[in-house]
Structures are given as C-alpha cells and as structure tokens.
J.: 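Have a look at this one before I ask anything.
Letters A, B, ... are given to chains in the order of the sequence lines, protein chains preceding strands, and every chain is numbered from 1.
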Protein chains: 2
Amino acid sequence: METRTRILEATWRLLEERRGRGVRMRDVADAAGISRQAVYLHFGSRSDLLVATARYLDEVRGLGERLRGYRAASSGVERLEAYVEFWGNYIPEVYGVARALLADREVDEAAAAAWDDRMGAVRESCRSIVEALHDDGMLTSGWSIEEATDLLWSILSIRNWEQLTIECGWTTERYVALIRELSRHAFVRKAQEHDHAC
Amino acid sequence: METRTRILEATWRLLEERRGRGVRMRDVADAAGISRQAVYLHFGSRSDLLVATARYLDEVRGLGERLRGYRAASSGVERLEAYVEFWGNYIPEVYGVARALLADREVDEAAAAAWDDRMGAVRESCRSIVEALHDDGMLTSGWSIEEATDLLWSILSIRNWEQLTIECGWTTERYVALIRELSRHAFVRKAQEHDHAC
DNA sequence: TTACCTGCTTTACACTGTGTCAATTGACAC
DNA sequence: GTGTCAATTGACACAGTGTAAAGCAGGTAA
C-alpha cells in the first residue's frame with residue numbers, strides 16, 4: 001500500500017478510536033509505521049491531513065451512493081425523510097474525523113474553509129428539501145424558503161447530533177426518529193389531516 | 001478598583017471585542033495593566049479565569065432578574081415564550097466569554113465541568129417549560145417529557161445560536177421570533193385551533 | 001562502475017502559549 | 001526597623017507544530 005494511503009488509514013483509525021480527540025502528528029506517524037517528518041512529506045500540515053482524511057473517508061464510505069435514496073425521492077416529504085435517515089446514519093461513521101476538523105476550524109483558516117465547504121453541501125440539501133416541500137404546497141406557512149433552510153440546516157448540524165447522542169445518550173435510531181418527527185412538525189403542513197378531519 | 005476585578009473586566013472586554021478568539025494570558029495582563037505572572041496570583045489557570053469571568057458577567061448582567069419574566073409565567077406557552085425571549089437576548093451579550101469557555105472545554109476538565117454546569121441550568125429550564133406544557137395538556141403528543149426536553153435544549157444551544165446568527169446572518173429579533181415559532185410548531189399542541197375550526 | 005534520483009530517516013531547532021519558580025522591590029503597618 | 005503582602009522581573013519546563021539539513025538505501029540510467 002502506498003505510504004500516503006497508509007497515513008490516511010492510520011489517521012482515520014486513530015480519529016475514530018479516540019473520537020477525534022488528542023490525535024497528534026506523532027501518533028499518526030507511529031500508527032502508520034513511519035517517522036513524524038515523513039508525514040509532512042505527504043501533507044503540508046495537520047489541517048491538510050485532516051481535510052484529506054475527510055475526503056478519503058467520503059470516498060471509501062461511498063457518500064455518493066448513500067445519497068441515492070434522497071436523490072430519488074419524488075415528494076418533499078420523502079426527500080426530507082430520506083435525508084434525515086441518511087444523515088443520522090452517516091454522522092456516527094465519520095464523527096471522529098468531523099470532530100477533529102471542527103476543532104481545527106477554530107484555529108486554521110484552511111480547515112475552516114474545508115469544513116464550510118462540506119457543510120455548504122449539507123445546506124444545499126436542506127434547501128432542496130425545503131424547495132420540494134414548497135413546490136408540493138407542503139411547507140408550513142410562515143417560513144420563507146431561506147428561513148426554513150437555515151433552521152433545518154441548524155437542526156441537522158453535527159453539533160446538535162453531538163449534543164443529542166453523546167450528551168443526552170440518544171441512540172442513532174432515536175436520533176433519526178425524533179429529528180424526523182421534529183422537522184415534520186416544524187416544516188410539513190398539517191392541512192391535509194385537518195381537511196380530512198372536517 | 002481591586003486588581004482581581006480589573007483582570008475580570010479586562011478579560012471580559014477582550015473576549016467580547018475578539019468574540020472569544022485569540023485572547024491569551026499575555027493580552028489579559030497587558031489590558032489589566034499588570035504583569036502576566038500577576039494574573040496567576042489571582043487565577044490558577046486560564047480555565048479558572050474564564051469560569052470566573054463567566055460568573056462575574058452573570059452577576060453584572062443581572063442574570064437572576066432577567067429570568068423574572070420566565071419565572072413569573074403561569075402557563076407553559078408563556079413560559080416557553082418568555083424563556084426564548086430572555087435567552088435570545090442574553091446570548092449575544094455573553095457570547096465572547098461563552099465561546100472561549102466552549103473552546104477550553106475541549107481541552108480542560110475543569111472548564112468542561114463549569115460549562116456543563118451552566119448548560120445544566122438551561123436544561124432545567126427546558127424541562128420546566130416542557131413540564132408546564134405537559135401539565136397544561138399542551139405538549140404535542142408523541143414526545144415524552146425527556147425527549148422534548150432534550151430537543152428543546154438542543155434547539156436553544158449556543159452552537160445553534162452561533163450557526164443561525166453568525167453563519168446565517170440572522171439578527172437577534174429574527175432569532176427570537178423564529179426559534180419561538182419553531183418550538184411552538186414542535187412542542188405546542190395544535191388541538192385547540194383544530195377544535196375551533198370544526 | 002559511477003552518477004543520480006527518490007523516499008525516508010535522524011537529529012536538531014524555532015516558535016507559541018501555558019504554567020512554575022525564585023529573587024527582588026515598594027508600600028504600608030506596627 | 002521588621003514583617004508582610006502584592007506585584008515585578010527573568011528564567012525555565014513542557015507540549016505540539018512545523019522547518020531545515022545531512023545521511024542512507026533502493027532503483028535507474030549513462
């Protein structure tokens with residue numbers, strides 16, 4: 001295996017093991033079986049390494065394919081449910097790397113840009129969900145598309161996931177179920193049930 | 001003015017100015033007009049200083065009194081609205097300190113404990129709101145008290161506020177209005193309007 | 001064989017920020 | 001004067017990132 005790949009694998013493994021905390025360049029080098037300096041021959045800085053690991057992980061985990069259900073969904077409601085399902089199951093698999101990147105973001109400009117780019121993609125998904133709901137006439141009245149997008153994006157943030165699962169002890173299943181419920185209450189119009197009842 | 005107070009004031013000012021980023025012990029000392037080492041005569045560590053600054057700030061800003069509206073509210077809905085109003089206006093005033101503490105939390109055990117303690121208080125408020133809603137028969141069916149508390153607590157988290165105001169550019173007014181709306185949709189039963197309509 | 005890359009190693013060092021230690025000074029109190 | 005208290009100065013330890021330079025083993029090409 002190429003050294004570069006060995007480094008990425010080692011970084012990933014360590015970050016998952018330690019939930020993104022306390023992984024130094026030293027540790028990565030040791031885990032990859034090379035000298036600390038050799039890491040710098042492949043990645044210019046810690047941030048570079050973290051960003052590359054995140055990309056590598058998306059590739060290995062088949063990010064594209066896993067979004068198929070979401071992309072295939074025809075209605076807004078289906079789209080919303082498919083995305084929450086995907087996202088709630090994806091986060092725990094990449095959490096270690098995400099957390100390290102998030103910590104680095106506070107300090108490093110490049111890491112911040114990389115993170116914002118990734119989260120921008122999530123935001124685009126939120127917007128597309130909200131627009132689909134709107135097109136179906138199913139977006140709760142009172143929200144503009146922009147506002148609903150921002151809110152949904154915040155609800156789905158990694159920080160929120162962190163708080164609910166790690167601090168509150170929720171399982172992945174519970175997270176998915178309750179976030180789905182929350183976003184339904186917030187964004188999906190109740191009109192039909194209402195019409196039906198009368 | 002006592003040196004201790006001068007240090008706290010300086011810390012606070014710097015943290016607000018720089019939004020909680022890049023404030024070193026050196027800077028605090030300079031701003032307070034004393035030597036770096038003198039800061040350690042009053043606060044054992046950076047975390048100590050941050051925690052003390054947070055407490056000082058609560059005191060100066062009259063945290064207790066500002067919660068009066070919330071405490072006085074009789075119904076669950078009023079309680080919810082009063083709290084969102086209070087919280088949405090309070091965060092921007094203490095954000096710098098909160099952010100620094102939050103960053104320190106990643107690293108320092110004591111800072112983590114202090115932060116968790118503060119957020120525990122917020123959680124208690126959320127629980128009391130949810131319980132009040134429940135007692136009024138106004139809690140949306142489907143949530144347990146525990147679940148609704150966890151969710152409301154997450155919605156009101158500083159991280160969420162950060163994302164909505166700083167990243168999405170929301171004003172305080174918008175934050176308060178939309179978070180109120182979101183939590184109403186999520187937790188306040190719609191039954192009465194329904195009954196009324198029929 | 002000689003010459004030359006390439007990828008990695010080893011050792012050393014610069015830099016930043018936190019926290020500690022010891023010797024010293026200045027002021028005020030009795 | 002003597003004691004004490006707060007603060008000062010200067011030096012240093014430590015962790016972690018990143019840089020720099022010299023050397024070495026392997027393969028390749030003339």
J.: May I ask you to check whether S75(A) and E78(A) show a side-chain donor-acceptor distance below 3.5 Å?
T.: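 Side-chain D/A pair, S75(A) to E78(A): present.
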J.: Using OP1 and OP2 only, check whether a side-chain N or O of H42(B) sits under 4.0 Å from dA7(D).
T.: yes
J.: Is there a side-chain polar atom (N or O) of T3(B) under 4.0 Å from OP1 or OP2 of dA7(D)?
T.: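 For dA7(D), OP1 or OP2 has a side-chain N or O of T3(B) closer than 4.0 Å.
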J.: Separation of L49(B) atom CG from dG19(C) atom P, in whole Å?
T.: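 It works out to 10 Å between those atoms.
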J.: Do D58(A) and Y90(A) meet the criterion of a side-chain donor-acceptor pair at a distance under 3.5 Å?
T.: yes
J.: Rounded to 10°, tell me the angle between the two end axes of the helix from dT1(C)-dA30(D) to dC30(C)-dG1(D), each built from five pairs.
T.: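 Roughly 30° between the end axes, to the nearest 10°.
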J.: Using the ring of each side chain (for Trp, its six-membered ring), is Y95(B) parallel, tilted or perpendicular to W161(B), with breaks at 30° and 60°?
T.: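 Y95(B) and W161(B): tilted rings.
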J.: Ring pair (Phe, Tyr, Trp, His ring centres under 6.0 Å): which pairs involve residues 96-125 of chain A, sequence neighbours left out?
T.: none
J.: Mark up nucleotides 13-27 of chain D, 5' to 3', with B wherever a protein heavy atom is under 4.0 angstrom from a base atom, S wherever such an atom reaches only the sugar-phosphate, and - elsewhere.
T.: ---SBBBB-------
J.: Would you call R79(B) and E131(B) a salt bridge, taking side-chain N to carboxylate O under 4.0 Å as the test?
T.: no
J.: In whole angstroms, how far is the P atom of dA22(C) from the CG atom of L41(B)?
T.: 14 Å
J.: Would D48(B) and Y40(B) count as having a side-chain donor-acceptor pair, cut-off 3.5 Å?
T.: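 There is no such pair between these side chains.
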J.: Could you tell me how far apart R6(B) (CZ) and dA7(D) (P) are, to the nearest whole angstrom?
T.: 8 Å
J.: Among E9(B), E16(B), E17(B), which residue satisfies the side-chain hydrogen bond (donor to acceptor under 3.5 Å, both in side chains) criterion with R13(B)?
T.: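 Answer to the side-chain hydrogen bond (donor to acceptor under 3.5 Å, both in side chains) test with R13(B) among E9(B), E16(B), E17(B): E17(B).
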J.: Report the C-alpha separation of R159(A) and E162(A) in whole Å, then their side-chain angles, then the decisive distance to 0.1 Å, and conclude whether the salt bridge (Lys or Arg N to Asp or Glu O under 4.0 Å) test is met.
T.: CA-CA 5 Å; R159(A) 297 297 197 181; E162(A) 210 172 6; 3.5 Å; yes
